[in-house]
Amino acid sequence: MIESFAALSQETRLEAFRLLVKHEPEGLAAGEIARRLAVPHNTLSAHLAVLARAGWVFSRRQGRSVIYRADLGHVQETIRFLVQDCCAGHPQVCEPLATSLIACSTSQDNVGRDNE
């Protein structure tokens, strides 16, 4: 879990991950990520490799491009770990967190419907 948190502790990696989350489920080509973040391609490759090793992103080759996607399953696992570890069996401690996650999920659902 430490490697996972460490991967997001660097600004460019965090921005790349946030960008990929916004482009789920299609993902983005590595070159497009580099362009949007104004980062040299070779530098971005190193950052994406760190994120991939930590489980935050995965990639697939599509023609000549490499498409990166956020691994939302890893996000869920990380949130589950934090809630279980930090709440230590006291659900009242985590209730405000659970409420905010439900509110976030509901607002995301409404955003998706507005775009249809």
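Side chains included, hydrogens not; waters and symmetry mates left out as well; all remaining heavy atoms used.
Residues that satisfy the side chain to side chain contact (heavy atoms under 4.5 Å, CB included) test with Glu3, not counting sequence neighbours, are Arg53, Ala54.
Residues Thr78 and Ser4 approach most closely at OG1-OG, 4.3 Å, considering heavy atoms. Residue Leu51 comes nearest to Ala16 through the heavy atom pair CD1-CB, 4.2 Å, listed as atom of the first residue, atom of the second, then distance. Here the closest heavy-atom approach between residue Leu14 and residue Leu8 is recorded as CB-O, 3.6 Å. Considering all non-hydrogen atoms of both residues, Val21 and Ala70 come closest at CG2-CB, 3.7 Å.
For residues 63-73, the pairs satisfying side-chain hydrogen bond (donor to acceptor under 3.5 Å, both in side chains) are Glu24-Arg69, with sequence neighbours left out. The ring-ring contact (aromatic ring centres under 6.0 Å, His included) pairs that include a residue from residues 28-62 are Phe17-Trp56, Trp56-His74, where partners are two or more places apart or lie in different chains.
Ion pairing of Arg80 with Glu77 is absent here, as no side-chain N (NZ or NE/NH1/NH2) approaches a carboxylate O to less than 4.0 Å.
In this structure, CG in Leu44 is found 12.5 Å from CZ in Arg35, a value given to the nearest 0.5 Å. In this structure, Leu37 CG and Arg13 CZ are separated by 13.0 Å, a value rounded to the nearest 0.5 Å. The CD atom of Gln62 sits 4.5 Å away from the CD1 atom of Ile67 when rounded to the nearest 0.5 Å. The distance from atom CD1 of Ile33 to atom OG1 of Thr12, rounded to the nearest 0.5 Å, is 12.5 Å. From Glu26, atom CD reaches atom CG of Leu20 across 11.5 Å, with rounding to the nearest 0.5 Å.
Counting heavy atoms from C-beta outward, Arg36 and His23 have side chains that approach closer than 4.5 Å.
Hydrophobic clustering of Ile, Leu, Val, Met, Phe, Trp and Tyr side chains at less than 4.5 Å, counting indirect connections, keeps Val66 apart from Val50.
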